Amino acid sequence: MSDTPYTPPKVWTWDKASGGQFASINRPIAGPTHDKDLPVGKHKLQLYSLATPNGQKAAIMLEELLEAGVSAADYDAWLIKIGDGDQFSSGFVAVNPNSKIPALMDHSVSPPQRVFESGAILLYLAEKFGKFLPTDPAARTAALSWLFWQMGAGPLLGGGFGHFYAYAPEKYEYPINRYTMEVKRQLDVLDRHLADNDYMAGDDYSIADIAIWPWYGGLVLGRAYDAGEFLDVASYKNVVRWAKQIDARPAVKRGRMVNKANGPLEEQLHERHDASDFDTKTQDKVQGAA
C-alpha cells in the first residue's frame, strides 16, 4: 500500500486494470463485446442469472410462485458466468442493456417482454400473478418501501463493504470503517423493524422479504464475505430470527440452488428447466453437462 496520497487527474482515463477479483470484467463503457444469442427453453419465462444475492431473488420468487400453485410461473434458468463475461454477449445486452444479472424474458406476451433489475423482476412477477404483494394499500406501500430500501441499501453492503472487506487487492482502513458503519446501521434498521414485525411488510411474507433476505439474511447466516464475527451479526437477534424463518422455506431452499456454480456440489444447480432438476440424479446430469 502506497503512503503517497492519490491526486485525481483533471480528466480520468481508463489506462489500467482496477485490480481486485473482478478487474477483468470491469469497464467504463456499455454494450456487447461479442455476438452470442441467448438460449430459450420450453417455458414462457426465461431467467438468465447467477446465484449471487441479486440472482437468488428472482429464482426464489419463481420457486415461491410454483410452491403457491402458480403453474404458469414455470421457467427455464440459464447460467450466466459473469467471470467469463457472458453478460456482455449481444443476446444478454438485448435483454439487459446494463449487463447485470438477473434478467428475465416473458414470452407469454407479444412481443416478449424483457425485465431487468432484480427489484423490477420481483414487482413484475408479483403483479403478473397476484402473489406476494399485499392488496391492502398500507401493506402494499410498506412492502414497496422496503423493496426499494433494499435496492438502495444493497450496493453499500455489496459494492461497498463486501468489495473493500473481501475483494479489494489490499485492505484499506478508511473504506472498511466507512462501509462497516453503514452496514451495521442498516442491520440495526432491520433489527428494530423486525422486533415488531414477523416479516418486512407485517404479518405476511412478501417480495420485500424476498429482496432483502439474500443479502442481509445471507450475511447474518454466515454466507457472505466471512464477516459474521467482524460485524457481530449474532447481536441482531430479530434479523437472525427472521433470516432462519425464511431459510426454512422449501422454495427458498430450491431458489438458492438455481444457477449456483460455487460452494458444495449438493447446493449447485447450474441450470433449471423442470422441478425434477432438483432431484440428485438430474442435478448431477445437469452439472456434468455444464
Side-chain angles (χ1 to χ4, degrees), residues 18 20-27 38 46-64 75-89 92-93 95-105 115-123 125 147 149-168 179 183 186 207-228 231 243 246-247 251-265 267-272 287 290:
S18 63
Q21 182 172 335
F22 303 105
S24 64
I25 60 171
N26 290 334
R27 59 194 188 120
L38 290 176
Q46 300 291 304
L47 177 65
Y48 305 96
S49 191
L50 179 70
T52 65
N54 282 337
Q56 287 178 31
K57 297 177 197 176
I60 288 172
M61 179 64 172
L62 289 163
E63 289 297 329
E64 289 283 12
Y75 67 104
D76 294 278
W78 305 92
L79 179 63
I80 299 297
K81 298 179 181 179
I82 61 175
D84 294 346
D86 290 353
Q87 71 275 29
F88 300 121
S89 72
F92 192 90
V93 171
V95 179
N96 185 354
N98 196 39
S99 292
K100 303 290 185 181
I101 60 92
L104 180 76
M105 284 295 295
V115 194
F116 58 92
E117 293 298 326
S118 57
I121 292 172
L122 294 181
L123 183 55
L125 292 172
L147 170 65
W149 176 87
Q150 190 284 314
M151 297 301 293
L156 297 171
L157 169 55
F161 174 79
H163 175 76
F164 286 105
Y165 183 80
Y167 300 134
Y179 288 111
V183 168
Q186 292 174 2
I207 57 174
D209 301 284
I210 295 172
I212 295 169
W213 182 84
W215 282 103
Y216 297 89
L219 187 67
V220 301
L221 292 173
R223 296 172 183 158
Y225 312 126
D226 194 24
L231 294 170
I246 293 174
D247 194 49
V252 172
K253 292 179 181 295
R254 295 194 302 271
R256 282 190 63 236
M257 296 171 58
V258 174
N259 298 141
K260 188 171 177 58
N262 65 340
L265 286 176
E267 295 182 1
Q268 297 183 33
L269 186 66
H270 292 183
E271 294 182 5
R272 187 271 185 209
Q287 289 170 354

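Here the structure is a predicted model, which is why all the values come from computation and not from measurement.
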Aromatic ring pairing Tyr179/Phe164, orientation class (parallel under 30°, perpendicular over 60°, tilted between) | parallel
Ignoring hydrogens and angles, tell me if any N or O in the side chain of Asp86 forms a donor-acceptor pair with the backbone of Lys81 under 3.5 Å.
-> yes
Should the heavy atoms of other residues, nucleotides or ligands under 6.0 Å from CG of Asp84 be counted, would the total exceed 12?
-> yes
Rounded distance [0.5 Å steps], OH in Tyr75 versus CG in Leu125 | 11.0 Å
Do you know the tightest heavy-atom contact between Asp247 and Val252?
-> CA-CG1, 4.4 Å
Find the distance between CG (Leu79) and CG (Leu269) and round it off to the nearest 0.5 Å.
-> 10.0 Å
What are the two closest non-hydrogen atoms of Met105 and Val95, and how far apart are they?
-> CG-CG2, 3.8 Å
Min side-chain heavy-atom separation Ser49-Val258 under 4.5 Å | no
Check Arg256, Arg254, Lys57 against Glu63 for a salt bridge (Lys or Arg N to Asp or Glu O under 4.0 Å) and give me the one that passes.
-> Arg254
Review item, side-chain donor-acceptor pairs of residues 211-220, under 3.5 Å, at least two apart:
from   : atom 1 : to     : atom 2 : distance (Å)
Trp213 : NE1    : Ala243 : O      : 3.0
Trp215 : NE1    : Asn54  : OD1    : 3.0
Tyr216 : OH     : Gln186 : OE1    : 2.4

Spatial distance of atom CD (Gln56) from atom CD1 (Ile210) [nearest 0.5 Å] | 12.0 Å
Taking all atoms of both residues into account, what is the closest heavy-atom pair of Pro155 and Gly152, and its distance?
-> CD-O, 3.5 Å
Shortest non-hydrogen contact between Gly255 and Ala59, atoms and distance = O-CB, 3.5 Å
Nearest heavy-atom contact between Lys253 and Met257 is O-CG, 3.5 Å
To the nearest 0.5 Å, atom CG of Asn259 lies from atom NE2 of His270 at 9.5 Å
After noting the C-alpha distance and the side-chain angles of Asn98 and Glu117, does the key distance pass the side chain to side chain contact (heavy atoms under 4.5 Å, CB included) rule?
-> CA-CA 9 Å; Asn98 196 39; Glu117 293 298 326; 3.5 Å; yes
Those residues that, when tested against Asn262, pass side chain to side chain donor-acceptor pair (under 3.5 Å) (two or more places apart) = Lys260
Donor-acceptor contact below 3.5 Å, side chain Gln87 vs main chain Phe92 = no
Starting at CE of Met151, measure out to CG of Leu122 and round the result to the nearest 0.5 Å.
-> 8.0 Å
Mind checking the CD1-OG spacing from Ile25 to Ser99? Nearest 0.5 Å is all I need.
-> 10.0 Å
Hey, are the side chains of Phe161 and Leu231 touching, using non-hydrogen atoms and a 4.5 Å cut-off?
-> yes
Can you see which heavy atom on Leu38 is nearest to which on Ser89, and at what distance?
-> CD2-OG, 4.4 Å
